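Just so you know, these numbers come straight off a predicted model, no measurement behind them. The chain is numbered in sequence order, starting from 1.
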Amino acid sequence: MATLTYSSTQYWSKRGHVPSQAKVLDRLTFKRVIKKASVEEFSCIPYILALFSCLTYSWYGFPVVSYGWENMTVCSISSLGVLFEGTFISIYVWFAPRGKKKQVMLMASLILAVFCMTVFFSSFSIHNHHIRKVFVGSVGLVSSISMYGSPLVAMKQVIRTKSVEFMPFYLSLFTLFTSLTWMAYGVIGRDPFIATPNCIGSIMGILQLVVYCIYSKCKEAPKVLHDIEQANVVKIPTSHVDTKGHNP
């Protein structure tokens with residue numbers, strides 16, 4: 001039975017490589033940022049929280065915390081995520097206006113400080129291996145839930161503007177695909193610190209796709225409204241001229 005569970009876990013961990021890397025690569029929405037040399041209305045909060053989650057789970061998968069290399073896949077993929085998220089945040093800071101730069105740097109410094117404290121405390125203050133894993137796993141649980149909850153900011157903007165321009169479809173799709181895969185990995189491996197946040201991530205992914213499907217049909221609405229307003233502005237002086245009798 002143990003062999004079956006281990007083999008199943010290995011299977012899902014390998015399956016998890018593809019969607020996780022695809023989800024990270026899908027964040028190359030930054031191609032648009034680089035092309036326009038502007039961050040526009042994109043928020044950096046999801047990327048900062050994703051960096052925190054990747055850092056925490058890289059440490060969680062390390063043998064110091066986990067038992068041996070039982071979570072080697074988690075460690076390797078999270079380390080790759082740190083590389084990508086760090087790159088995205090750097091690009092964002094480069095093209096962001098001064099006010100946003102300060103905000104991003106402050107938030108990034110804060111999550112790095114929390115991560116360093118987690119590493120230091122778990123390494124030198126906790127000597128029981130099981131308690132160390134529970135502690136780091138709990139921090140990872142909070143960071144992942146925060147990461148999966150961050151798209152709520154994008155969904156709020158979509159509902160307010162009735163436009164899905166700043167909530168890419170493939171990002172939402174890969175979020176759902178990744179969450180489902182890692183939830184299966186956590187359930188089979190009986191690891192609540194992996195299964196729980198990805199269960200929440202699956203729900204958030206479904207919500208994002210539902211919101212996208214609802215408002216993707218309305219993406220041209222703001223442009224039409226803008227055109228009507230412009231037409232009204234053009235008509236106002238004409239009407240004013242008519243009332244004075246200059247134009248019969």
From CA spacing to verdict: side chain to side chain contact (heavy atoms under 4.5 Å, CB included), Ser163, Tyr215 = CA-CA 6 Å; Ser163 172; Tyr215 289 97; over 6 Å; no
Check step by step if side chain to side chain contact (heavy atoms under 4.5 Å, CB included) holds for Val82 and Ser58.
-> CA-CA 8 Å; Val82 171; Ser58 294; 4.0 Å; yes
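- To the nearest 0.5 Å, atoms CG (Asn71) and OG (Ser76) are separated by 10.0 Å.
- Checked by atom type and distance alone, the side chain of Ser202 never pairs as donor or acceptor with a backbone atom of Leu176 at under 3.5 Å.
- Residues satisfying the side chain to side chain donor-acceptor pair (under 3.5 Å) criterion with Asn198, sequence neighbours excluded, are Tyr148.
- The side-chain heavy atoms of Ile89 and Cys44, taken from C-beta on, include a pair separated by under 4.5 Å.
- A search for side chain to side chain donor-acceptor pair (under 3.5 Å) contacts involving Thr118 returns nothing, not counting sequence neighbours.
- Side-chain rings of Phe135 and Phe121 approach one another, their centers coming within less than 6.0 Å.
- Hydrophobic clustering (ILVMFWY, side-chain heavy atoms < 4.5 Å, transitive): Val134 and Ile131 are in one cluster.
- Under the 4.5 Å side-chain contact rule for hydrophobic residues, Tyr57 and Met72 share a cluster.
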Dump the intermediate steps for side chain to side chain contact (heavy atoms under 4.5 Å, CB included) on Ile111 and Leu55, then the final yes or no.
-> CA-CA 10 Å; Ile111 66 108; Leu55 284 169; 4.3 Å; yes
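- The backbone N or O of Tyr67 sits less than 3.5 Å from a side-chain atom of Glu70, completing a donor-acceptor pair.
- For the pair Lys133/Tyr60, a side-chain contact is recorded, criterion being any heavy-atom separation below 4.5 Å from C-beta on.
- Aromatic rings of Phe120 and Phe124 (six-membered ring for Trp) have centroids within the 6.0 Å cut-off, being under it.
- In this structure, Ser79 OG and Phe62 CZ are separated by 8.5 Å, a value rounded to the nearest 0.5 Å.
- From Leu80, atom CG reaches atom CZ of Phe84 across 5.0 Å, with rounding to the nearest 0.5 Å.
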What donor-acceptor contacts under 3.5 angstrom involve side-chain atoms of residues 93-104, with partners at least two apart or in another chain?
unit_1, atom_1, unit_2, atom_2, d
Lys100, NZ, Glu40, O, 3.2

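- Using a 4.5 Å cut-off on side-chain heavy atoms (C-beta onward), Leu49 and Ser143 make no contact.
- Residues Val139 and Phe52 form a side-chain contact, since some pair of their non-hydrogen atoms from C-beta on lies under 4.5 Å apart.
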Residue pair Val74, Tyr185: steps toward the side chain to side chain contact (heavy atoms under 4.5 Å, CB included) verdict = CA-CA 10 Å; Val74 176; Tyr185 174 88; 3.8 Å; yes
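- In this structure, the side chain of Ser144 engages the main chain of Gly140 through a donor-acceptor pair within 3.5 Å.
- Rounded to the nearest 0.5 Å, atoms OG1 (Thr196) and CG (Leu141) are 6.0 Å apart.
- For the pair Arg132 (side chain) and Ile126 (backbone), a donor-acceptor distance under 3.5 Å is present.
- Rounding to the nearest 0.5 angstrom, the gap separating the CG atom in Leu180 from the CD1 atom in Ile206 is 6.5 Å.
- To the nearest 0.5 Å, the span separating CH2 on Trp182 from CD1 on Ile77 amounts to 4.0 Å.
- Between the side chains of Trp59 and Ser78, no donor N or O sits under 3.5 Å from an acceptor N or O.
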